[in-house]
Protein chains: 2
Amino acid sequence: MSEKTVHATVDDVAALAGVSTATVSRCLNAPDRVVPATREKVMEAIRALNYSPNFGARALASRRTGIIGAVIPTLENAVFAHGIDAFERSLSPGKFALLVASCGYDPEREKQQIEALVARGADGLLLVGFDRDPAIYEWLAIRKVPYVLAWACGDSHPYAGFDNVAGMAAMVRMVLDLGHRNVAMISGLTQGNDRARGRLEGARDLLAGEGLAFRGVAEVPYGLESGARAFAELMADRSITAVICGNDVLAAGALRAAHRMGLRVPRDVTITGFDDIDIASITFPELTTVRVPHTRMGEQAAALLQQLIEGKRGESVLLPTEIVARGTHAPPTARRRFAKA
Amino acid sequence: MSEKTVHATVDDVAALAGVSTATVSRCLNAPDRVVPATREKVMEAIRALNYSPNFGARALASRRTGIIGAVIPTLENAVFAHGIDAFERSLSPGKFALLVASCGYDPEREKQQIEALVARGADGLLLVGFDRDPAIYEWLAIRKVPYVLAWACGDSHPYAGFDNVAGMAAMVRMVLDLGHRNVAMISGLTQGNDRARGRLEGARDLLAGEGLAFRGVAEVPYGLESGARAFAELMADRSITAVICGNDVLAAGALRAAHRMGLRVPRDVTITGFDDIDIASITFPELTTVRVPHTRMGEQAAALLQQLIEGKRGESVLLPTEIVARGTHAPPTARRRFAKA
DNA sequence: TTGTACGCGTTATCAA
DNA sequence: TTGATAACGCGTACAA
């Protein structure tokens, strides 16, 4: 005890303060259950010994870690970076910390990451989207691990998110109202990605409701060049006057391709995005897109998950999306409308 | 034991497999120290009971968590989002997981976050930059917590990073070689940010070496509009022909302001950035900037930190920066060179 | 190669 | 309000 030991324990603190270990523990976890006088003695000893509780021991005895896990496709997508940032900032400081894992849009890897986080003692989980192997949900239920889903909505699980289908439908509605009839879409990969799928279907269904169909659909990986390439191919059909994109990055790529092809936006083609991330207001012209409240979503998700973890019941929250009409949309012009191949 | 209990323990597994708990433990942590035959029995029991080791108990007994902590200013800055993403992907799967905390560029908050992560049992830490209260480094040394610094370089601590000073100096060198003499700079906030400070000083020193000085310096918060505003103010001095920006976001903002002011880039003004994040190739014209290997940096940082944690000694790694000459630079034109106020 | 038995540092139950 | 003490579940010398 008199040795210069690096890590003091509760016993050391208790001894120095002249109390029991139980009291020391209480001072840290339920200060109100200790008389101010003794509490002061204990805190004094804690400072003197530079004591800090052992994480493993605490987790073992209390059966919780204060660690919240999040599995996201990738932080390279600004949408997730911003959402996760807000999520982390909204975690009660001192009470919870964030363990992040990425899965690169791979469902199998997502499953592994979920298991890894739970194995690491995560008290709760933040996941992206609804669509995944039901076995995962069952497993989570058995293990009694609370979770919140984000970037989507639904009624089968707790979530803090928005409606991809409705958001995209609204955008297509606007494009149709402008007079466009020959519309194409550049969608993100829908495989194992219900957000991308929702957006694609939202657009498709709205068109169908008007008795229309896409003049072309490209389903491509996330990325600027990816969007650019898809745009160039789609526009081989000279009748197309509007290209709906599944996200802002694809739209920015499309815009770049348009410039290269000598097409003027929005005079020759209308291009729309989704998400309203930073780049949407940097392109020229600035992108007409669907704004998603990523930051508020992260905050709400954090609040909801913390409630669930503490045993309270929380309500899912559906955030509104909104069309941000900037510079890449306009009515179809004669040049394209009557263009020939 | 026969009850439908949710969490099986080593004892359950040992009983079912007909071995001791020690053997079960070995199967998990040192499979080679167990004969294949018994190992198979044990793994079978593990599967049957759906067993997974208790994190707290394991951490307590083994004195390590397999958790690596990272404290960054914010994930909203793409630079950190990409670096952290690469870092996380490079962590040995199954062995280490990433606990992230943000500090919003606030040194005091960074200190708290570091303590919080260590308190949560982090086996090692990833931190941004070198400049911080020496007490923190001492504390880390006493606690024997390995750490790696990134996004900068130096010889006082292990790091995986790059030279902000040299990177910016090279850019200013290029601008001067183009013929510019009336140069201004939009710098990020240098307070508690050695990366921003390094870039500012790198530029300043190079100018000084040529007997020159900035015609103006604005030190502003991170952000598009922030950069735009600074640019507009700086350009009140009509003699300025080049504006060096501390990062790509500020540069994109400056570019936007230039458009608004009716200035043509690079004909009327040269604008340069730093980092080469996505937006650098989306602006019009595309941004001339300094490329920083954020992804490789994240990977190297992960490799180095894991080595340190495992007791091996690792070498710091200095990554090269590189000028990416795109569309926002050109020699000064007569119009600006001889412009009058 | 496998088993025994103890220690790891807290929390939580129950009495006092 | 405080104290004694039993878990908590796993790793690991040490012994067999």
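Proteins get letters first, then strands, A, B, ... in listed order; numbering begins at 1 in each. Not measured: the values here are computed from a predicted model. The figures that follow rest on heavy atoms only: side chains count, while hydrogens, waters and symmetry mates do not.
The closest donor-acceptor contact from the side chain of Ser90(B) to the backbone of Ala302(B) lies at 3.5 Å or more, if one exists at all. Although no hydrogens or angles enter the test, the distance criterion places a donor-acceptor pair under 3.5 Å between the side chain of Gln113(A) and the main chain of Ser102(A).
Ring pair Phe162(B)/His294(B) is perpendicular by interplanar angle, where above 60° counts as perpendicular and below 30° as parallel.
Rounding to the nearest 0.5 angstrom, the gap separating the CG atom in Leu117(B) from the CD1 atom in Ile68(B) is 11.5 Å. For the atom pair CZ (Arg64(A)) and CZ (Arg58(A)), the distance works out to 9.0 Å, reported to the nearest 0.5 Å.
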| task | Might you work through the side-chain contact (heavy atoms from CB on, under 4.5 Å) test for Glu110(A) and Tyr105(A), ending with a clear yes or no? | result | CA-CA 8 Å; Glu110(A) 190 206 31; Tyr105(A) 297 98; over 6 Å; no
| nucleotides 4-10 of chain C: protein proximity per nucleotide (B base, S sugar-phosphate only, - neither; heavy atom, under 4.0 Å) | BB-BBBB
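In terms of heavy atoms, Ser316(A) sits closest to Tyr159(A) at OG-N, 2.9 Å.
For Trp151(B) and Phe80(B), the distance between ring centers is under 6.0 angstrom.
If you check residues 30-43 of chain A against DNA chain D, the residues with a heavy atom closer than 4.0 Å are Val34(A), Val35(A), Thr38(A), listed by number.
Within the 4.0 angstrom heavy-atom criterion, no nucleotide atom of any strand lies near Val24(B).
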